[in-house]
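In this chain, numbering begins with 1 at the start of the sequence shown.
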Amino acid sequence: MDQAQIEVQIVPSLTAIAAADWDACACPESADGGPPRDPFTTHRFLSALEESGSVGRGTGWQPQYLTAHLDGMMIAVAPMYVKSHSQGEYIFDHSWAHAYERAGGHYYPKLQIAVPFTPATGRRLLVRPGYEGIGQSALVQGAVQLAANNNVSSLHVTFCTEAEAEAGAEMGLMHRVSQQFHWVNDGYADFDGFLAALSSRKRKAIRKERAQAQGFGGQIRALTGSDLRPEHWDAFWRFYQDTGARKWGSPYLTRAFFDIAHQTMADDMVLVLAERDGVPVAGALNFIGREALFGRYWGCVEHHPCLHFELCYYRAIDWAIAHGLARVEAGAQGEHKLARGYLPAVTHSLHWIGDPGFGEAVARYLEAERVAVDEEIEILTDYGPFRRAEVEERE
C-alpha cells in the first residue's frame, strides 16, 4: 500500500473518536466478546482518565491522540500526550532532563506515547489487524514529525511490547530495556501447587506471612463486576489518597475516575478488600486482562502485619489461578516481590531525541544500561524463591 495515502491527525479529545473505531485498533481481540489483552488502551479506560480530569489541563498530561486513516478508515491510533514533567511514567528520564537543561536546552515539553500512571506492558502503537506494518510506520513517522516541527526535545513510547520495540528500533528509535516483577502461572491447580514449586524455606515464610495477614481480625473479599458498589470506592479512595500522598505528594487519579470506572469498567477490575467489623480498612485494586491480572493500587487506614503482601500479591495469585490467567504483573519496582514468587521480567520502551549530540549520548547510556539490566535480572532470578530445578526450567 502507498504510505502517501495515509492521513495522520492529532485529536485533542477522545470524545471526537467513536469507541468502536478506537477499540477496533486498540483491542480487536475483544470482538469475540472476551476481555482485551489489557484494558488500559481501551476507549473506556482512557476516556475515564480524560473525563475525570486525571489527565488534561493542569495535570502535565495533555492529550494529543494520534490517529491514522486510510481511504477514510481509521487503521491505527496511539495514546499520546504532551508532557510538562516526567511524573507518572515509571520509565525514568529525570537524569536526561537535568543533563539537557544543564547544557542550555529545554527538555519540556516532550511527547509521550503511553498509558498515564500505568507501568504495565501492552501495545502502544494500536493498529487494526491487517495494517500492522503501515499503521505502525505511520504513527511513528507522524509522532516524530510532530516533535521535530514543534521543536519538542523528545518522543518516548513507554511499556510497549517487545515486538513494537523491535519494529521501532528498525525505524530509527532508540530501544531501552528495564525490569519489573511478574508472577508466572505454570499450570498450578491452586496456591498450594505454587508453594510446592518453592524452596522449603520460602514456602514456610509465605505460609507464615499469610497466617499473620489473615489474623488481622476481619475478612478479605475479592469483588468484581456487579459485586462492586459505590461505597467500596468511597473506602478505596481513602486508601488511595493515603498512598498517593506518601509516594507522589498527591494522588494521580481524581475521585471522579473511580466513579466513572465503576460505571464503565466494573468487569475489568478486581478490588480486594480487607474489612474489620464490616468496615473496609485496606484494599488492593487490580485490572483484568485476557491473559494477565495487573496489580495497580494499594492503600490502608489501619496497618496490620503482612496485610499488604496478602492483598497485593497472594490474593492476586489466588485469583489468577482460579481464573486461568497466565501471569500477574505487580507494577513497577519492588525487590520485596521476589521472595513472594514474582520474578524479574524485561520491559521495553522507545525513544527519539531531537538533538543529534544529545541523542548519541543517550544511545551510549542505553547500551551500558542494557548490560546492567541483563546482569541484574540474572542475579535476582538466582535469588528467587523457586527450587533450583524450577529456576533452570524457567530460564
Side-chain angles (χ1 to χ4, degrees), residues 38-40 45 48-49 52 54 88 117-120 181 183 191 209-248 250-289 292-323 325 328-334 336-337 340 342:
D38 71 77
F40 303 120
F45 183 86
L49 291 178
S52 67
S54 300
F117 329 123
T118 308
F181 295 89
W183 177 85
F191 197 90
E209 284 186 348
R210 296 205 79 177
Q212 280 186 296
Q214 293 169 20
F216 78 102
Q219 64 172 341
I220 299 172
R221 296 190 293 160
L223 306 170
T224 188
S226 59
D227 291 333
L228 289 166
R229 310 298 304 167
E231 58 267 26
H232 296 141
W233 299 117
D234 291 336
F236 189 75
W237 175 245
R238 294 194 296 273
F239 308 152
Y240 177 67
Q241 279 186 300
D242 176 71
T243 300
R246 285 185 288 106
K247 282 191 173 184
W248 314 303
S250 61
Y252 289 138
L253 301 174
T254 66
R255 177 65 181 86
F257 171 84
F258 297 99
D259 291 332
I260 295 170
H262 177 75
Q263 297 299 321
T264 62
M265 301 191 67
D267 291 334
D268 296 301
M269 299 183 290
V270 179
L271 179 60
V272 181
L273 276 184
E275 299 171 321
R276 198 164 60 83
D277 298 326
V279 177
V281 298
L285 179 60
N286 307 272
F287 285 81
I288 305 166
L293 188 68
F294 300 91
R296 290 304 306 115
Y297 301 107
W298 142 269
C300 63
V301 292
E302 293 182 3
H303 295 277
H304 298 277
C306 301
L307 194 58
H308 170 256
F309 302 144
E310 177 69 15
L311 268 59
C312 292
Y313 307 136
Y314 302 140
R315 292 292 168 135
I317 291 173
D318 279 336
W319 206 91
I321 292 173
H323 292 84
L325 298 181
V328 178
E329 297 193 16
Q333 303 174 307
H336 60 278
K337 298 167 186 171
R340 289 152 189 99
Y342 291 73

Selection residues 303-316 - residue pairs positive for salt bridge (charged side-chain N to carboxylate O under 4.0 Å, His left out), sequence neighbours left out: Arg210-Glu310, Glu310-Arg315

Pairs meeting criterion salt bridge (charged side-chain N to carboxylate O under 4.0 Å, His left out) with involvement of residues 211-231, two or more places apart: Arg221-Glu275

Residue list, side-chain hydrogen bond (donor to acceptor under 3.5 Å, both in side chains) with Trp233, at least two apart or on another chain: His262

Check residues 278-288 and write down every donor-acceptor pair under 3.5 Å in which the side-chain atom is one partner and the other belongs to a residue at least two apart or another chain.
from   : atom 1 : to     : atom 2 : distance (Å)
Asn286 : ND2    : Val270 : O      : 3.4

Set of salt bridge (Lys or Arg N to Asp or Glu O under 4.0 Å) partners for Arg276, sequence neighbours left out: Glu302

Which residues share a side chain to side chain contact (heavy atoms under 4.5 Å, CB included) with Ala256, sequence neighbours left out: Ser52, Thr254

Partners meeting salt bridge (Lys or Arg N to Asp or Glu O under 4.0 Å) with Glu329 (sequence neighbours left out): Arg327

Arg296: salt bridge (Lys or Arg N to Asp or Glu O under 4.0 Å) partners, not counting sequence neighbours: none

Results of ring-ring contact (aromatic ring centres under 6.0 Å, His included) for Tyr314 - residues two or more places apart only: Phe191

Results of ring-ring contact (aromatic ring centres under 6.0 Å, His included) for Phe117 - residues two or more places apart only: Trp61, Tyr252

Contacts of Arg255 that satisfy salt bridge (Lys or Arg N to Asp or Glu O under 4.0 Å) - sequence neighbours left out: Asp234, Asp259

Qualifying residues under ring-ring contact (aromatic ring centres under 6.0 Å, His included), relative to His308, sequence neighbours excluded: Trp298, Tyr313

